[in-house]
Participant: 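One structure, pasted below without further comment.
Throughout, numbering of the chain's residues begins at 1 and tracks the sequence.
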Amino acid sequence: MSRLLIVAAVAAAAGFGAGWSLAPREATPAAPPSSPTARPASAPVTASPAVAEAPDLDPTDEAAAPTEAPAARTAEVAASPTCAELAREKATCDRELAGLRHSLWVADATRVELEGVPAEAPPGLDAAFRGDALRAAFESALGAPDVSGEISAVDCSEFPCIVHGRLKLAGLDDEKDLEVLIREVAGGYEGADMYVSKTVFRQDPTDDTSPGEEVFSAAFYPRGLPPDLKSNIDKRLRFRKNEYRDASKP
């Protein structure tokens with residue numbers, strides 16, 4: 001075997017024969033596997049990567065919703081009230097509130113001036129000025145001749161107690177029945193202050209002799225009270241009488 005054949009056999013046994021030519025001209029190396037002109041048969045062929053599609057957006061998903069456009073946000077800020085405008089609105093509301101408070105104060109002061117305020121009985125008030133004694137005195141006086149009526153209520157919710165009642169009227173002269181009634185009661189309250197008021201309701205308002213009834217309110221309380229308390233009591237008695245009269249209209 002020649003020297004050239006021996007070298008070729010050794011090269012083939014070592015695996016180098018596939019890439020080299022045995023031609024007498026100078027040998028050139030085969031193209032590497034990565035070259036597009038010589039891809040190894042065993043190399044896997046991979047597909048080109050697919051283009052990812054945009055996911056569908058759920059309009060109800062706040063996280064997926066697009067953010068507000070800068071221009072819209074700028075317009076909203078521009079339309080918002082400024083600090084100066086808010087301050088003017090607050091000043092207007094403060095003036096209106098002050099006006100309402102003043103009106104309420106005036107209304108309360110006017111009501112107190114007309115109606116007074118409820119008063120409590122002074123300590124050690126004589127039992128004759130309390131409810132049971134007053135009712136007994138008026139009911140006893142109703143037994144006088146030619147006096148026909150009833151005691152409707154004795155109100156001692158505040159001082160002094162006030163007695164409300166009704167007298168039946170058969171004619172013009174019956175209006176004197178209240179005078180008889182009060183004169184009988186006053187006999188047991190000598191030296192006391194007295195309040196009496198009456199309202200006549202006739203079946204025929206144009207005829208003073210027609211039958212009807214006389215609604216009255218009366219009170220007896222100790223004399224010598226302080227002037228401011230006395231003035232307040234007079235206001236309260238008128239107010240309480242008006243409430244009873246309005247509720248007792250036929």
Side-chain angles (χ1 to χ4, degrees), residues 106-119 121 125-225 227-250:
V106 171
D108 286 342
T110 302
R111 178 180 57 79
V112 170
E113 178 64 25
L114 293 176
E115 302 175 5
V117 294
L125 180 65
D126 194 303
F129 298 104
R130 299 189 182 274
D132 292 342
L134 283 167
R135 178 181 289 276
F138 275 86
E139 288 180 346
S140 176
L142 284 174
D146 299 327
V147 177
S148 176
E150 64 179 4
I151 302 302
S152 302
V154 179
D155 177 16
C156 294
S157 59
E158 58 185 272
F159 175 78
C161 293
I162 185 170
V163 179
H164 303 296
R166 297 170 180 269
L167 298 177
K168 294 181 180 180
L169 302 178
L172 179 61
D173 291 339
D174 292 339
E175 292 189 20
K176 297 180 180 179
D177 290 354
L178 181 59
E179 298 177 11
V180 175
L181 177 69
I182 295 301
R183 186 166 56 249
E184 291 290 330
V185 175
Y189 288 90
E190 293 183 4
D193 279 333
M194 177 180 64
Y195 170 86
V196 180
S197 177
K198 69 175 183 178
T199 303
V200 176
F201 297 101
R202 295 281 182 181
Q203 292 181 1
D204 182 359
T206 63
D207 184 2
D208 291 339
T209 63
S210 65
E213 66 179 4
E214 190 173 36
V215 175
F216 72 90
S217 298
F220 291 89
Y221 54 96
R223 184 172 295 177
L225 297 176
D228 55 344
L229 178 58
K230 177 68 167 59
S231 175
N232 181 72
I233 286 175
D234 291 341
K235 295 175 183 178
R236 291 302 299 171
L237 288 172
R238 286 194 299 270
F239 172 74
R240 296 160 72 187
K241 174 264 298 184
N242 290 336
E243 280 194 322
Y244 174 75
R245 181 198 59 194
D246 293 343
S248 302
K249 289 181 179 179

Participant: Quick one: CD on Glu179 to NZ on Lys198, what's the gap to the nearest 0.5 Å?
Facilitator: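 These two atoms lie 6.5 Å from each other.
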Participant: Mind checking side chain to side chain contact (heavy atoms under 4.5 Å, CB included) for Asp204 and listing every partner two or more places apart, or none if nothing turns up?
Facilitator: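 By the side chain to side chain contact (heavy atoms under 4.5 Å, CB included) rule, Asp204 matches Thr206, Asp207, Ser210.
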Participant: Should Asp126 and Pro222 count as side-chain neighbours, where that means a heavy-atom distance under 4.5 Å?
Facilitator: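 No, their side chains stay 4.5 Å or more apart.
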Participant: Between Arg245 and His164, is any pair of side-chain heavy atoms under 4.5 Å apart?
Facilitator: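 They are not in contact (no side-chain heavy atoms under 4.5 Å apart), so the answer is no.
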Participant: Scan for ring pair (Phe, Tyr, Trp, His ring centres under 6.0 Å) pairs involving residues 132-158, sequence neighbours excluded, and state none if there are none.
Facilitator: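 For residues 132-158, and leaving out neighbouring residues, there are no ring pair (Phe, Tyr, Trp, His ring centres under 6.0 Å) pairs at all.
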Participant: Can you give me the closest heavy-atom contact between Cys161 and Gly131, atom names plus distance?
Facilitator: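 Closest heavy-atom pair between Cys161 and Gly131: SG-N, 3.8 Å.
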Participant: Taking the side chain from Asp177 and the backbone from Leu169, do they hold a donor-acceptor pair closer than 3.5 Å?
Facilitator: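 Pair absent, no side-chain N/O of Asp177 close to backbone of Leu169.
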Participant: Are Asp234 and Arg238 close enough for a salt bridge, meaning some N to O gap below 4.0 Å?
Facilitator: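 No, this pair does not count.
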Participant: So, do Ser197 and Tyr244 sit near enough that their side-chain heavy atoms are less than 4.5 Å apart?
Facilitator: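 Ser197 does not reach Tyr244 side chain to side chain.
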Participant: Of all heavy-atom pairs between Ala127 and Ala133, which one has the smallest distance, and what is that distance?
Facilitator: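 Reported closest heavy-atom pair: O-CB, 3.4 Å.
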Participant: Name all pairs fulfilling the salt bridge (charged side-chain N to carboxylate O under 4.0 Å, His left out) condition that reach into residues 128-145, sequence neighbours left out, sorted by first residue then second.
Facilitator: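 Listed once each, the pairs are Arg135-Glu139.
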Participant: Do Glu214 and Arg166 have side chains that approach each other closer than 4.5 Å (heavy atoms only, starting at C-beta)?
Facilitator: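 Of all side-chain heavy-atom pairs linking Arg166 with Glu214, none is under 4.5 Å.
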Participant: Please answer whether the main-chain N or O of Val106 pairs with a side-chain N or O of Thr110 as donor and acceptor at a distance below 3.5 Å.
Facilitator: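 It does hold such a pair.
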Participant: If I compare all heavy atoms of Ala219 with all of Leu237, which pair ends up nearest, and what's the gap?
Facilitator: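 Ala219 and Leu237 have their closest heavy atoms at CB-CD2, 3.9 Å.
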Participant: Rounded to the nearest 0.5 Å, what separation is found between the CG atom of Leu181 and the CG atom of Leu167?
Facilitator: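 Between Leu181 CG and Leu167 CG, I get 6.0 Å after rounding to 0.5 Å.
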Participant: Minimum heavy-atom separation for Glu115 and Arg236, please, with both atom names.
Facilitator: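 Shortest heavy-atom separation between Glu115 and Arg236 comes out as O-CD, 2.8 Å.
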Participant: Please name the residue in the list Tyr189, Phe159, Tyr221, Phe220 that meets the ring-ring contact (aromatic ring centres under 6.0 Å, His included) test with Phe129.
Facilitator: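 The single option meeting the ring-ring contact (aromatic ring centres under 6.0 Å, His included) with Phe129 is Tyr189.
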Participant: What I'd like to find out is whether the side chain of Asp193 reaches to under 4.5 Å of the side chain of Lys230, using heavy atoms alone.
Facilitator: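 They are in side-chain contact.
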Participant: Would you say the side chain of Met194 lies within less than 4.5 Å of the side chain of Val196, judging by non-hydrogen atoms?
Facilitator: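 Val196 reaches Met194 side chain to side chain.
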Participant: Determine whether a donor-acceptor pair (N or O, by modelled atom type, separation under 3.5 Å) exists between the side chain of Arg223 and the backbone of Ala192.
Facilitator: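 Present.
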Participant: Looking at every non-hydrogen atom in both residues, tell me the closest pair between Ala218 and Ile182 and how far apart they are.
Facilitator: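 Heavy atoms only, the tightest pair is CB-CD1, 4.0 Å.
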Participant: Taking all non-hydrogen atoms of both residues, which atom of Ile162 and which atom of Ser217 are closest, and how far apart?
Facilitator: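 Nearest pair, atom of Ile162 first, then Ser217: CD1-CB, 3.9 Å.
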Participant: So, Arg240 side chain and Asp155 main chain: donor-acceptor pair closer than 3.5 Å or not?
Facilitator: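 Yes; at least one donor-acceptor contact below 3.5 Å.
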